[in-house]
Amino acid sequence: KNWISFSHMSVDRSIFPFDSWFACEHKALKLSRLELNDDSSRFPQGIYAVRETIARFLSIARGVTCFPEQIVLGGGTQFLIYLLRNLFPENALYAVENPGYRRIYELLKMEHARLQTIPLDRKGISFDLLKQVNPNVVYVTPSHQFPSGVVMPISRRIQLLNWAAQKEDRYIIEDDYDSEFKYASDTIPSLQGLDSYDRVIYFGTFSKSLLPGLRISYMILPQKLLKKYREKCSFIMSTSNALGQLTLKQFIDSGEYRKHIKHMKQVYVERQKKLIGELKKRFGASIKMHGANAGLHFTAEFDTHRPVDEIMVRAAKEKLELYNMEPYCLDGPYIYQKPAFILGFANLSVEKIEEGVDRLYRAIVH
Ligand SMILES: Cc1ncc(COP(=O)(O)O)c(/C=N/[C@@H](CCC(=O)O)COc2ccccc2)c1O
């Protein structure tokens, strides 16, 4: 039997519009012969015309207000965080959510940044604990907290923004990852769009809405940090390849991107509904699901005495690709009372859902 994947890290290539992508690439090559070989394409912040398109798209889709000059394109969120760190004082204190995105946590640790994790409550990062830790820079994923799936309500967003505005050297990194896929609540405006004190550094990526291999991510710097960036980092050349940037521009400008997101949403909503239905049918009251209001995964805790590691072994035997929460508990101890798993459906066709839940049942209950 073939593997079935509950992975939250892969995208379903079968729904990626390769034909229209290639048509945009062809058009980009034809139109942009100039940008491709003059040194503007190595421009540190990415090609200006591409940044114009992204700024326009973000103002409509996310209520983000920025000029193209404030956007820095890069080959991945981690590289941009690495660059950003050079704009803050060496001894700045960073805070990240726990459970949270290990790749940023490990990057900051590798850079010997002063680093503190902050637990979540049901509205996202705990505000009381944030005030206690009192960091200079706090990294949050408000659209669909990674990995728990909590959508940060407006009330918590306002609290964070007011907190950041109280002191000069406070910043919020808003990683708006997963913002394209909202199912329950209508789109909540980005922190960046609500921010009137220039305290939010907005991060976005095309890894989930297009392809992770594309490596086109971006950050939007508030004016003060943009000035510092230009003083300190303008010798660093762009890490995001020009052809990918120019193809992306065509893909967005032609309306293909908006069409693709709409199609992906329909496909994912159907899969998510079917998956949740099957899980409720099989596990009944012994499963508790969280974070299904958005994104391409949600989390589930199971009422079982079987330890996580044993479930992982049994899942592998069932050829079920399954991820638990352990890698995202950043400070070490497993912070879930019961075995908890990330259930992704981006790479799980509707036909395979019933069999997938069957295998999960055999891994956890049998
Ligand atoms: C919180 C968060 N912020 C940003 C990113 C994107 O980083 P970038 O690609 O460098 O811009 C990820 C990627 N998360 C990765 C999974 C989690 C992990 O890495 O363990 C990739 O996620 C997916 C990619 C495609 C389809 C579905 C999921 C992030 O989880």
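Order of appearance sets the numbers: ligands from 1, and atoms from 1 within every ligand.
The closest approach between S10 and ligand 1 falls below 4.0 Å for a heavy atom of the residue.
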Under 3.5 Å donor-acceptor pairs involving side-chain atoms of residues 316-324, not counting sequence neighbours:
unit_1, atom_1, unit_2, atom_2, d
E318, OE1, K1, NZ, 3.2
E318, OE1, R362, NE, 3.1
E318, OE1, R362, NH2, 3.2
E318, OE2, R362, NE, 3.2
K319, NZ, K1, O, 2.9
E321, OE1, S5, OG, 3.0
E321, OE2, Y323, OH, 2.6
N324, OD1, E326, N, 2.6

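Between Y177 and ligand 1, at least one N/O pair is under 3.5 Å apart. At least one N or O atom of R215, backbone or side chain, sits closer than 3.5 Å to an N or O atom of ligand 1. The distance criterion of under 3.5 Å between nitrogen or oxygen atoms is met by T77 with respect to ligand 1.
Aromatic pair F251/W21: centroids less than 6.0 angstrom apart.
Residue P212 touches ligand 1 through its side chain alone, judged by heavy-atom distances below 4.0 Å. Contacts of V11 with ligand 1, taken as heavy-atom pairs under 4.0 Å, involve both backbone and side chain. In Y139, the part holding a heavy atom less than 4.0 Å from any atom of ligand 1 is the side chain.
Considering all non-hydrogen atoms of both residues, K123 and V150 come closest at C-CG1, 3.7 Å. Scanning both residues, R157 and S190, for their nearest heavy atoms gives NH1-CA, 4.1 Å.
You'll find the side chain of F283 stays beyond 4.5 Å of the side chain of D303, heavy atoms only. Residues V133 and L93 meet the side-chain proximity criterion, which asks for heavy atoms closer than 4.5 Å.
When the shell of 6.0 Å around CD of E111 is examined, it contains more than 12 heavy atoms from other residues, nucleotides or ligands.
Regarding atom 18 (C) of ligand 1, its nearest protein heavy-atom neighbour is R103 NE, 3.3 Å. The single protein non-hydrogen atom nearest to atom 30 (O) of ligand 1 is Y101 CE1, 3.2 Å, given as residue, atom name and distance. Scanning the protein for heavy atoms near atom 16 (C) of ligand 1, the closest one is M9 CG, 3.4 Å.
For atom 17 (C) of ligand 1, the nearest non-hydrogen atom from the set F146, Y218, F79, F203 comes from F146.
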